[in-house]
Structures are given as structure tokens and as C-alpha cells.
Amino acid sequence: MLAALLLEVLLTAANPFGVAIGPDGALYVCEVDAHRIIRIDAATKAQTIVATGNEPYEMRFDRSGRLVWVDMRDAAVYRDGRNLNIRGLRQPHAIEWAADGALLICDNGNHRVVRHDPRSGVAETWSVTGNRYRGPRTFARDPAGPLYLALREGNAILKIDEATGAVEQIASVGPKGMAFHNGALYLADTENHRIQRLDLKTRTLTTVADGLKRPHGVWVHDNWLYIGDSENHRVLRLRLEP
């Protein structure tokens with residue numbers, strides 16, 4: 001069950017896409033229109049520019065706490081400001097860590113997922129499932145289980161078992177942002193201007209926030225859902241039940 005939800009505006013931002021809480025407890029926001037990523041200190045609320053680029057879309061942190069982010073227009077992935085030089089990308093949108101520590105990239109324009117080995121530097125089409133995907137858009141990970149992949153043009157959410165390569169479609173929706181929490185996926189239903197909750201047991205969808213304007217990024221931390229309410233130029237959060 002969800003608790004009573006109350007939208008809280010945290011800050012204004014220039015077309016925020018990806019949002020994340022870093023290992024330092026700070027909030028990080030990809031500001032597409034300002035061509036940068038900002039850090040908002042949890043205690044002081046002071047803002048610092050931590051990266052600049054063209055169109056930073058989404059980010060993650062590696063095991064060492066370094067910021068890794070994808071720039072759609074640059075067709076590049078950066079770690080601590082250094083281009084990883086992954087060739088052949090076309091309109092990459094999102095990244096996630098594979099179970100083996102490799103970096104997975106939604107190579108949207110090429111309709112594939114790319115696996116980049118951070119040790120060897122080798123990048124190749126991810127063949128765990130042997131599939132190509134129509135518009136891979138974003139990932140979410142269950143820390144204790146499978147990986148989820150949303151397809152934009154494919155209008156689907158896939159559940160992927162990385163050990164066996166088994167793939168199952170669990171919903172016929174194509175969100176542009178996803179986050180896992182307590183047996184559910186929270187979806188940025190961008191074109192319908194809302195956030196939905198997909199119960200992974202019953203596979204039912206419930207709207208938990210509407211009245212937004214083309215939201216993109218979502219992130220869950222400490223029972224809070226953070227939302228990049230993109231064209232309202234603000235970052236929100238919702239309180240969730242543990």
C-alpha cells in the first residue's frame with residue numbers, strides 16, 4: 001500500500017531529466033537546457049555545478065562513488081568528466097550497471113543495448129538475450145533480483161534475468177524513466193504528464209502523481225521518490241511507504 005502522497009517542490013531547474021541521490025547524500029540533477037549537472041547539498045541546499053556538456057540525460061555512480069553520465073546529443077558517456085570513448089553510439093539515453101559490474105547503455109538510436117567493460121574498455125552489443133530492442137529508453141534494477149528495461153518505440157517493459165538470458169514482457173507501456181521500490185516500479189509516463197506505479201506482483205498500474213509536464217527522471221532513496229518534472233522546470237519528491 002502507498003502512504004498518502006504529498007508533492008513537495010525541492011528546487012527549480014532548467015528542464016531536469018535525470019535525478020539521483022549520490023553516495024554523499026546530495027541530490028544530483030541533469031539540467032538539459034542549462035547543459036550541466038548540478039549537485040544540491042543535503043544540509044545547506046547550496047548548488048554546485050559538477051559537470052557540463054550538451055544534453056546530459058541520466059546518471060549513475062560507480063562503486064568508487066564517481067559520477068557517470070550519458071550525454072544524448074554528444075552520443076557519449078562520461079565518468080568524472082572524462083569521455084569513455086565508446087564509439088558507435090547514437091542518441092544514448094540511459095545507463096545502468098550489469099550484475100557483473102559492466103556498464104549497460106540504452107543506445108536508443110541504434111535500437112540496442114551496449115555493454116561496456118570498465119576494466120578492458122571493450123564495448124559491444126549486449127547479447128545476454130540475443131535480442132535487439134525498439135528504442136531502449138531506461139533501466140531500473142531490483143537490488144535483489146532482475147533488471148528491467150523500458151522500450152520507448154517498443155512500448156514495453158521487459159524483465160531480464162541476466163544469469164539465464166530469459167526475457168519477459170511485463171507491461172505494455174514505454175516510460176522514459178523508471179525506479180524500483182518495494183516490489184514496484186515507478187514510471188515517468190512522460191507524454192501523459194504523470195507518474196505511475198506498476199505493482200510487479202499483480203502487474204496493475206496506478207497513477208500516483210499527475211498534473212506534471214513531461215516528467216523524465218525518477219529515483220528512489222530512503223523512501224522518497226524524486227521526480228524531474230521536466231517542462232515545469234522543477235524537481236519534486238513524494239513520500240513512499242517503506
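What you see is a predicted model, and the numbers here were worked out from it, not measured in a lab.
- In terms of modelled atom types and a separation under 3.5 Å, the side chain of T44 and the main chain of A46 share a donor-acceptor contact.
- Minimum heavy-atom separation, T138 to C106: N-SG, 3.6 Å.
- Residues R152 and N108 have side chains in contact (heavy-atom distance under 4.5 Å, counting atoms from C-beta outward).
- No donor-acceptor distance shorter than 3.5 angstrom exists from the side chain of D199 to the backbone of A184, with no hydrogens or angles considered.
- Proximity of I195 to D189: side-chain heavy atoms (C-beta onward) are nowhere separated by under 4.5 Å.
- D117 has a carboxylate O that lies under 4.0 Å from a charged side-chain N of R119, or vice versa, which qualifies the two as a salt bridge.
- Linking Ile, Leu, Val, Met, Phe, Trp and Tyr whenever their side-chain heavy atoms come within less than 4.5 Å leaves V208 and F180 in two separate clusters.
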Walk me through whether R115 and D107 qualify under salt bridge (charged side-chain N to carboxylate O under 4.0 Å, His left out). CA-CA 10 Å; R115 178 186 182 276; D107 189 15; over 6 Å; no
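- Panel note: side chain N232, backbone R234; no donor-acceptor pair is recorded below 3.5 Å.
- Below 30°, between 30° and 60°, or above 60°: for Y28 and F61 the angle between ring planes is above 60°, a perpendicular geometry.
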Might you work through the side chain to side chain contact (heavy atoms under 4.5 Å, CB included) test for R214 and H193, ending with a clear yes or no? CA-CA 5 Å; R214 302 197 76 245; H193 312 292; 3.6 Å; yes
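- For the atom pair L225 CG and I227 CD1, the distance stands at 4.5 Å (nearest 0.5 Å).
- The side-chain hydrogen bond (donor to acceptor under 3.5 Å, both in side chains) search around D71 returns none, not counting sequence neighbours.
- The two residues A188 and P215 make their nearest non-hydrogen contact at CB-O, 3.8 Å.
- With hydrogens and angles ignored, the 3.5 Å screen pairs a side-chain donor or acceptor of S120 with a backbone N or O of V122.
- L104 CG to D100 CG: the interatomic distance, rounded to the nearest 0.5 Å, is 7.5 Å.
- The main-chain N or O of T52 is never found under 3.5 Å from a side-chain atom of H35 such that the two would form a donor-acceptor pair.
- Considering CD of Q196 and CG of D210, their distance stands at 10.0 Å, rounded to 0.5 Å.
- Hydrophobic clustering (ILVMFWY, side-chain heavy atoms < 4.5 Å, transitive): L200 and L240 are in distinct clusters.
- Side-chain heavy atoms closer than 4.5 Å link hydrophobic residues (I, L, V, M, F, W, Y) into clusters, and following such links, possibly through other members, connects L10 to I49.
- The side-chain heavy atoms of L187 and L205, taken from C-beta on, include a pair separated by under 4.5 Å.
- R134 and E153 are not joined by a salt bridge, as no carboxylate oxygen comes within less than 4.0 angstrom of a charged side-chain nitrogen.
- One hydrophobic cluster, built from ILVMFWY side chains closer than 4.5 Å, holds both V114 and M72.
- Within the 4.5 Å cutoff, the side chain of I157 has no heavy atoms near those of the Q169 side chain.
- For the pair R39 and D24, the salt-bridge criterion is met [side-chain N within less than 4.0 Å of a carboxylate O].
- When every heavy atom of F17 is checked against every heavy atom of P56, the shortest pair comes out as CB-O, 4.5 Å.
- The CG atom of L185 sits 9.5 Å away from the CZ atom of R197 when rounded to the nearest 0.5 Å.
- Taking the side chain as every heavy atom from C-beta outward, H181 and H221 never approach each other to under 4.5 Å.
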Do L7 and V9 pass the side chain to side chain contact (heavy atoms under 4.5 Å, CB included) test, and can you show the C-alpha distance, the side-chain angles, and the key distance before you say yes or no? CA-CA 7 Å; L7 277 169; V9 179; over 6 Å; no
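- Salt bridge absent: E8 and R239 never bring a charged side-chain N and a carboxylate O closer than 4.0 Å.
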Worked verdict on Y148 versus M178 for side chain to side chain contact (heavy atoms under 4.5 Å, CB included): CA-CA 9 Å; Y148 298 92; M178 289 195 302; 4.0 Å; yes
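- Taking the ring pair (Phe, Tyr, Trp, His ring centres under 6.0 Å) definition, one finds that Y78 meets it with W69, sequence neighbours left out.
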Can K176 and E191 be said to form a side chain to side chain contact (heavy atoms under 4.5 Å, CB included), step by step? CA-CA 9 Å; K176 294 185 179 178; E191 305 309 329; 2.8 Å; yes
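- Side chain of N110 to main chain of L89: no donor-acceptor pair is present (N/O by atom type, distance under 3.5 Å, no hydrogens or angles).
- For R203, the CZ atom counts as densely surrounded, since its 6.0 Å shell holds more than 12 non-hydrogen atoms of other residues, nucleotides or ligands.
- Counting heavy atoms from C-beta on, the side chains of V29 and I37 never come closer than 4.5 Å.
- Using modelled atom types, one finds a donor on one side chain and an acceptor on the other under 3.5 Å when comparing T125 with R112.
- A cation-pi arrangement is found for R237 relative to W224, the charged atom lying closer than 6.0 Å to the ring centre and inside a 45° cone about the ring normal.
- Applying the side chain to side chain contact (heavy atoms under 4.5 Å, CB included) criterion to R141, with sequence neighbours excluded, gives E96, L147, E162.
- Contact detail for I40 and A26: the closest heavy-atom pair is O-CB, 3.4 Å.
- What you find for L238 and A209 is that their closest heavy atoms are CD1-CB, 4.0 Å.
- The residues D62 and R60 are annotated as not salt-bridged, no charged nitrogen and carboxylate oxygen being separated by less than 4.0 angstrom.
- By the 4.5 Å heavy-atom criterion applied to side chains, C30 and M59 are counted as neighbours.
- At least one side-chain heavy atom of L158 sits less than 4.5 Å from a side-chain heavy atom of L151.
- Note: the hydrophobic cluster containing Y226 does not contain V218 (ILVMFWY, side chain heavy atoms under 4.5 Å, direct or indirect links).
- Scanning both residues, P92 and A75, for their nearest heavy atoms gives CD-CA, 3.6 Å.
- For H233 and T12, the side-chain atoms include no donor-acceptor pair closer than 3.5 Å.
- Atom CD of residue Q91 and atom CD of residue E55 lie 9.5 Å apart, to the nearest 0.5 angstrom.
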